[in-house]
J.: 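Got a structure here, written out as structure tokens. Questions coming.
Proteins get letters first, then strands, A, B, ... in listed order; numbering begins at 1 in each.
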2 protein chains.
Amino acid sequence: MTLENISCNKSFGGWHKQYRHDSSTLGCTMRFAIFLPTQASEQQPVPVLYWLSGLTCTDENFMQKAGAQRLAAELGMAIVAPDTSPRGEDVADDAAYDLGQGAGFYLNATQAPWARHYRMYDYVVQELPALIEAHFPVSQRRALAGHSMGGHGALTIGIREAARYCSLSAFSPISHPVACPWGQKAFTAYLGEAPQHWREHDASLLMREASQGLPTLVDQGLDDSFLTAQLMPEQLELAAQHSGFPLTLRRHAGYDHSYYFIASFIEDHLRFHARHLGLTG
Amino acid sequence: MTLENISCNKSFGGWHKQYRHDSSTLGCTMRFAIFLPTQASEQQPVPVLYWLSGLTCTDENFMQKAGAQRLAAELGMAIVAPDTSPRGEDVADDAAYDLGQGAGFYLNATQAPWARHYRMYDYVVQELPALIEAHFPVSQRRALAGHSMGGHGALTIGIREAARYCSLSAFSPISHPVACPWGQKAFTAYLGEAPQHWREHDASLLMREASQGLPTLVDQGLDDSFLTAQLMPEQLELAAQHSGFPLTLRRHAGYDHSYYFIASFIEDHLRFHARHLGLTG
């Protein structure tokens, strides 16, 4: 597990760094970014918020646009942002923005030509945290968050792997992908046409049957152009009511799907995770 | 003076908007961005911070990466970000990143082929504020700030037009362009080879002879790869000592030339301008 540092910027007293590594899970070279606050040391390992980005994004969007470092530096929280799919010339791809590279949907594909590399579920759950915890002064206290496709990733992974995370959050998640065009297209390609194989990647279906709750905060803009056709947060709300899942869903008038929305409320998410990670009371 | 709105995002309760307009000064269509906080109304016009960006940038870099909206929303300050040069297929350009489109250097060019469109000095000083003050609920209280080439623009324009601004600030400005490669290349092209025509676009030379001081804050990272060859903040410091100009120059160990540096200290700049704009005591 060798890491190659490819960039380094001082940020709010801490450090933003990008690394390349050969992923055994994905069978390709991957890039990720990490923000390390000044508090992080071998003597005082800090907890990590993993951020999963949306369609077309890389490790850079959140780090450049969300404005999260200010408060993460103050709270003493590391942030790790992986890429959104396997990458490379020999990795299967599609001309559309919502399939293939940049659109991994945080699952393990079972269908050709995707199954060879598209194993983002295992990468996010296993390989990436093992790598981070082996190389950086961080603890095994983890939170998981994301936006849109990454909100789908954070919720589905978090509900299924509840023992691995302290808290979950999402902005504008694809909440019920088995019933929306983005999800149906991706799941058909990656998982095959049989919908019974889609259920374990649908946050609303998982939340409805969850036996173990995890504190979860979801923010949704009401002027989000994808709200009705693709995101369906009301399905998440109904699922949480059904199972008693500890979901807080907030709707915000006027806000859209962009990073301007994320930046406006990221402070609430960091404070929410800080409480559950044990950083604040 | 017609404005065409081309994007709109709610941000920290206020609005980030992009507009297109036909610039009579530049003879081309220009784009700018404005952040309007909730406080802005016809009854309560708010002051404006004009932000001038660096080489290769557009109106978008600062608005997406600096994280300024949070505090601007709290303080009740508008922010306006113009593009960094005239634009368009019939506007002279150069293959290099540091000349032509994206590299206007905030001056009025006198040399062919640049003189026809490259009049960013007049655009920033006259046309843009007139446009903003005619179309938005803002006051005529203005502050001026920028980064790198835009720091050069903010300092040179601000010192020469001191009556129009309440305060100035810059990150990593090109402080003494007559003596650095970026400045010498651009000034030779835009203003001709005679250095006597360059003096009024050099912040250090202007500050040395300034009769009217304007509160000025400059931040410089000490791990900035352009520090020694291009930026030369020590020349600015010497000039301020010579004329008694009210310059505060701060050096920051470890920080580079990126927006990660700007984001880390933008709060100090907004609070500095807010005091001089009369928003805070």
J.: If you measure from CG on B/L71 to CZ on A/R70, what distance do you get to the nearest 0.5 Å?
T.: 8.5 Å

J.: Which one, B/S258, B/G221, B/G254, leads in non-hydrogen pairs under 4.5 Å with chain A?
T.: B/G254

J.: Do B/Y255 side-chain atoms and A/G13 backbone N/O form a donor-acceptor pair below 3.5 Å?
T.: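 Side chain of B/Y255 to backbone of A/G13, a donor-acceptor pair under 3.5 Å: yes, one is there.
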
J.: Calculate, to the nearest 0.5 Å, the distance between atoms CZ and CZ belonging to A/F12 and B/F265 respectively.
T.: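 Between A/F12 CZ and B/F265 CZ, I get 8.5 Å after rounding to 0.5 Å.
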
J.: Can you measure from NZ (A/K65) to OH (B/Y259) and round to the nearest 0.5 angstrom?
T.: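 Going from NZ on A/K65 over to OH on B/Y259, the span is 13.0 Å.
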
J.: Among B/G67, B/C8, B/A263, single out the residue with the greatest number of heavy-atom pairs under 4.5 Å to chain A.
T.: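 Counting heavy-atom pairs under 4.5 Å, the top option is B/A263.
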
J.: Select one option (side chain, backbone, both, neither) describing which atoms of A/D256 are under 4.5 Å from chain B's heavy atoms.
T.: side chain

J.: Output the distance between atom CG (A/N9) and atom NE2 (B/H257), rounded to the nearest 0.5 Å.
T.: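 Result: 12.5 Å between the selected atoms.
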
J.: Is the backbone N or O of B/A253 less than 3.5 Å from a side-chain atom of A/K10, with the two atoms forming a donor-acceptor pair by type?
T.: yes

J.: Looking only at non-hydrogen atoms, find the nearest pair between B/Y260 and A/Q64 and report the distance.
T.: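 Here B/Y260 and A/Q64 meet closest at OH-CG, 3.5 Å.
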
